Protein chains: 2
Amino acid sequence: MPSSKTTLKDLAAHLGLAHSTVSRALSNHDAISQDTKDRVRHAARQYGYVANSGARLLRTGHSQTVGLLVPDIVNEFYATIAKNLADDCSQRGHQLMLLVSDDDPQRELKLLQALLETRPAGVVVALTAVPRKETLSHLAGVRCIQFLRVHAKVQGLTVGADDAAAARMAIEHLLSLGHRAIGYVGVSEALSTGAARLRGYKETLEEAGVAPDPALIALIEPSVQGGARAAAQLMDRSPRPTALFLSSPQLALGGAQWLNAAKLRVPGDVSVISYGNSSWFDLWGSGLTAVSLPIQELAATASALLFRESGEELSGQTSVLLAPSLVKRGSTARMRA
Amino acid sequence: MPSSKTTLKDLAAHLGLAHSTVSRALSNHDAISQDTKDRVRHAARQYGYVANSGARLLRTGHSQTVGLLVPDIVNEFYATIAKNLADDCSQRGHQLMLLVSDDDPQRELKLLQALLETRPAGVVVALTAVPRKETLSHLAGVRCIQFLRVHAKVQGLTVGADDAAAARMAIEHLLSLGHRAIGYVGVSEALSTGAARLRGYKETLEEAGVAPDPALIALIEPSVQGGARAAAQLMDRSPRPTALFLSSPQLALGGAQWLNAAKLRVPGDVSVISYGNSSWFDLWGSGLTAVSLPIQELAATASALLFRESGEELSGQTSVLLAPSLVKRGSTARMRA
DNA sequence: TTGAAAGCGCTAACAG
DNA sequence: CTGTTAGCGCTTTCAA
């Protein structure tokens, strides 16, 4: 009669063993005879024994739980890190707790508190722009990897993309095609990613002798709707920008939808370049030129760092910054005279 | 000195209270004075007290953990149910454990076993095509909602789309445009979804007096690469099919990429219709016609059912089947004479 | 190679 | 309204 109510003691009683012996057999302890292990495992299977992780946690003081805190799991970036973490967890016998903050600092705090109750082995986080103070202090007590978004106040390792370099790459590409009136659609500077991209945009323009025009900069929440609204705002001006840098895949999606709806021709009426990767980038028109992130590699790196042996110490505050690359497709072209 | 090593007893000692009183204060028990609650909460905050969920689980016998078992979290369907579940969990003070099977039955079993160790409140699953027997028996002991994919052997509620009706809708659309040689790209019949869609395809053709041609049916693993390969296989035949039904968004992505690469014109050379929803469907060419799922509604329903009060009993084996709808875009056209 | 025993931190029944 | 007490199931010494 299989039942998850069976305990170690039940098994032990059935087998005429001490429950400590059963425990050792199940955890494959050296000092247990193969015969005993076999008998125990058979009985466990027969009874449908399922260990109680609570008892283990209580005894050992820590769990095999790993947390992943992200603003949005539908976003391909975060889904990819989730996939990688899940893979590594299942290989190593860890569990993955998913915390979705929806970019709400209060919710983020609540989720993190609940995670800490499990005494997790570690956590990978992409924090909200302005986290609660308690969130930060909670994070100080855990092994923590920051993914993409980086807060200076959080210690631990950091895995991200070189966002400033990415923006620079995008703008240099547009400049090389003769564009000067380049619109920027981005997210709040409160986000490390938003700040870095905007900085890259401005600096690159300035170095080329083009003064950044505040009217060509639209900062907005990182949603599809936001992208559409920002594109509308920029393209409805006159004179129009001749090129657009959409600084995230979400924003790019909204922008692309709006451009389609507005019947603007790309790159005829406006060149468009995006940041990031999405499956649809090579499907839209003649392809959407983009500065691509090594997203898979970023995710794999974050996961590997989380699970690294404490032997291979990296200095207290280390950051891995991966370089983006330009993928030219059909949406950018030389500016018409 | 905040530290998550502080226990209830520490707090109690500091406050000169019994630890049971502290416990009650923290869980907002009725029979505790407001003053005591305030003092306790203040002290807890001050000491950075974090409860030990293991001790609670050990004592109560159940956790607030909810599991989500899916084959692939990058897939938008599953990411959406994850988002919905995460939302509801955080509202109700539950935790979300993410189990990604990668469509591997053995891994699926391992993940489920680990989940059961937490004595979860429930689980939402999209099982592999042929799960291990133990997986099924484990599921019998938990509150379980099947999402999209349905196994007859698993009891509990079921939330899915009417896949047969969806395929029928797609094929009827193509038939009405004059197509007869309609290729089908789908997944294994071992999956309930794969079987239902193929059945809808065949039956609809037969009812229209068209004998399904086995050479026009490509069953393949549900990946982007699979979609590309299947499209190639079907379109390289001669005579070519004049229309293609791509029976999942993943397959559609692969198919679209292959058609682009092969420089086939859509709908000029071939009409294409897909199943499901993806952000890029209206961005590809003049738009990809699709039979759309109420994906958000499905996810919300599954989550709501999981959290339903046991009061609102639904009969033992109930299934919610939501209807798809046809979204006409530019990729389907009347067959050329 | 196995057994005996202690105790992790919490909740809840019972007592006051 | 608060205190006392027992015990959840497990791991891990220490003994044998």
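All figures in this text were calculated on a predicted structure; none of them were measured in a lab. Lettering follows sequence order; numbering is per chain, from 1.
- Considering all non-hydrogen atoms of both residues, B:Gln64 and B:Gly93 come closest at CB-O, 3.7 Å.
- Between B:Asp104 and B:Arg132 there is no salt bridge, since none of the side-chain N atoms of the basic residue sits less than 4.0 Å from a carboxylate O of the acidic one.
- Within a heavy-atom distance below 4.0 Å of DNA chain C, no residue of residues 31-38 of chain B is found.
- When the P atom of D:dG9 is taken as reference, atom CG of A:Asp10 falls 8 Å away, rounded to whole Å.
- Environment of NZ in B:Lys110: sparse, with no more than 12 heavy atoms of neighbouring residues, nucleotides or ligands closer than 6.0 Å.
- When each of A:Val125, A:Leu298, A:Val70, A:Leu85 is paired with A:Phe147, the side-chain contact (heavy atoms from CB on, under 4.5 Å) condition holds for A:Leu298 and for no other.
- Taking all atoms of both residues into account, the shortest heavy-atom contact from B:Tyr49 to B:Leu26 is CE2-CD2, 3.7 Å.
- In this structure, the CG atom of B:Leu58 is 8 Å from the C1' atom of D:dG7, given to the nearest Å.
- When the C1' atom of C:dT1 is taken as reference, atom CG of A:Leu15 falls 16 Å away, rounded to whole Å.
- Atom P of nucleotide C:dT1 and atom CG of A:Asp30 are separated by 10 Å, given to the nearest angstrom.
- Between the CG atom of A:Asn28 and the C1' atom of D:dT11 there is a distance of 15 Å, rounded to whole Å.
- Here the options are B:Leu148, B:Leu68, B:Val100, B:Val124, the test is side-chain contact (heavy atoms from CB on, under 4.5 Å), and the partner is B:Tyr78; only B:Leu148 passes.
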Reading 5' to 3' through nucleotides 10-16 of chain C, protein heavy-atom contacts under 4.0 Å coded B for base, S for sugar-phosphate only, - for none: BBBB---
